[in-house]
Amino acid sequence: GTIGDCTHRERGGGDILSNATDTIFGVIYDCPKHAGVQIWGCRLLSALFSDERLLTSSVTESQHNSISALIGNVLDHLEVILSSENLRAVHESAICLLSRISDCSDDLLAGKEEAFSRVVDGIILSQPKSRTVAMHGCHCISNVLHIRENTSHVLSSIMTDFEDE
């Protein structure tokens, strides 16, 4: 099924998508030293956000509320995980997930610009030599952070610190 299909099915007090996300983050938290778990967790989450309906706002109001809350939850979890992890591959997987989420319609992302800014800024500044982080970070900035005042600072640091490998 797709993300839209999963948000309306009740199971264990919540929708399947939220339960899947909680399970993925539970495993990530249970294995904080296992980079592979963190990387694959981000990849699984990215797959959950691949539904084309998220790009065009063609979800029901109930699905919209559930998905919007889920995006906030993912941002909160990533901020916690990445604050203690400096492995390049984990940051690259996380920024790819954020890039996928940033493709969602503006109404799903509304009110989450500050959280996106903190997480994206942190990843970009901690991995200034990663081409993947630079590319997906700029994608996030152009999709979500274009209204933020400090966007020019982040872009400036990317252009100054990034070295082609």
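Atom set for the values below is all heavy atoms of this structure, side chains included, hydrogens, waters and symmetry mates excluded. The first residue in the sequence is number 1, and the count goes up from there.
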Under 3.5 Å, side chain of Ser102 to main-chain N/O of Ser99, donor-acceptor pair present?
-> yes
Side-chain donor/acceptor of Ser50 to backbone N/O of Ala47, under 3.5 Å = yes
State, to 0.1 Å, how close Ser46 and Cys96 come at their nearest heavy-atom pair, and which atoms those are.
-> OG-O, 4.3 Å
Out of curiosity, Ile95 CD1 to Met135 CE, how far, rounded to the nearest 0.5 Å?
-> 10.5 Å
For side-chain contact (heavy atoms from CB on, under 4.5 Å), just list the numbers for Ile123 and Leu98, CA-CA rounded to whole Å, side-chain angles, deciding distance to a tenth of an Å, and then say yes or no.
-> CA-CA 10 Å; Ile123 293 171; Leu98 291 170; 3.8 Å; yes
Which pair of heavy atoms, one from Val133 and one from Ile124, lies closest together, and at what distance?
-> CG1-CA, 3.7 Å
Trace of the side-chain contact (heavy atoms from CB on, under 4.5 Å) decision for Phe116 with Asn143 = CA-CA 11 Å; Phe116 251 94; Asn143 284 352; over 6 Å; no
Given the rule in the side-chain contact (heavy atoms from CB on, under 4.5 Å) test, do Leu109 and Ile101 qualify, once you have shown the distances and angles that lead to the verdict?
-> CA-CA 8 Å; Leu109 300 172; Ile101 291 172; 3.9 Å; yes
Are the side chain of Ser126 and the backbone of Gly122 linked by a donor-acceptor contact shorter than 3.5 Å?
-> yes
Determine whether Leu44 and Val74 fall in the same hydrophobic cluster, where Ile, Leu, Val, Met, Phe, Trp and Tyr are linked whenever their side-chain heavy atoms lie under 4.5 Å apart.
-> yes
Are Ile81 and Val37 connected, step by step, through hydrophobic side chains (Ile, Leu, Val, Met, Phe, Trp, Tyr) whose heavy atoms are closer than 4.5 Å?
-> yes
If you group Ile, Leu, Val, Met, Phe, Trp and Tyr by side-chain heavy-atom gaps below 4.5 Å, do Tyr29 and Trp40 land in one group?
-> no
Expected output: side-chain His136 to main-chain Ala94 donor-acceptor under 3.5 Å = no
Cys104 and Leu108 have their tightest heavy-atom pair at CB-CD1, 4.1 Å
Heavy-atom donor-acceptor pair, Ser142 side chain to His139 backbone, under 3.5 Å | yes
Single-linkage hydrophobic cluster, 4.5 Å side-chain cutoff, Ile24 and Val27 together = yes
Thr23 (side chain) donor-acceptor with Asn19 (main chain) under 3.5 angstrom = yes
Run the side-chain contact (heavy atoms from CB on, under 4.5 Å) check on Gln127 and Glu92 step by step: do they pass?
-> CA-CA 9 Å; Gln127 300 296 328; Glu92 288 177 348; over 6 Å; no
Closest non-hydrogen atom pair, Leu87 against Ala35 | CD2-CB, 3.1 Å
Would you say the side chains of Gln38 and Ser93 form a donor-acceptor pair under 3.5 Å?
-> no
Hey, does Leu70 have a side-chain heavy atom less than 4.5 Å from the side chain of Phe49?
-> yes
Would a 4.5 Å heavy-atom cut-off, applied to side chains only, mark His77 and Asn73 as touching?
-> yes
Any Leu78 side-chain heavy atom under 4.5 Å of Cys42 side chain | yes
Under 3.5 Å: donor-acceptor pair, side chain of Glu113, backbone of Gly111 = yes
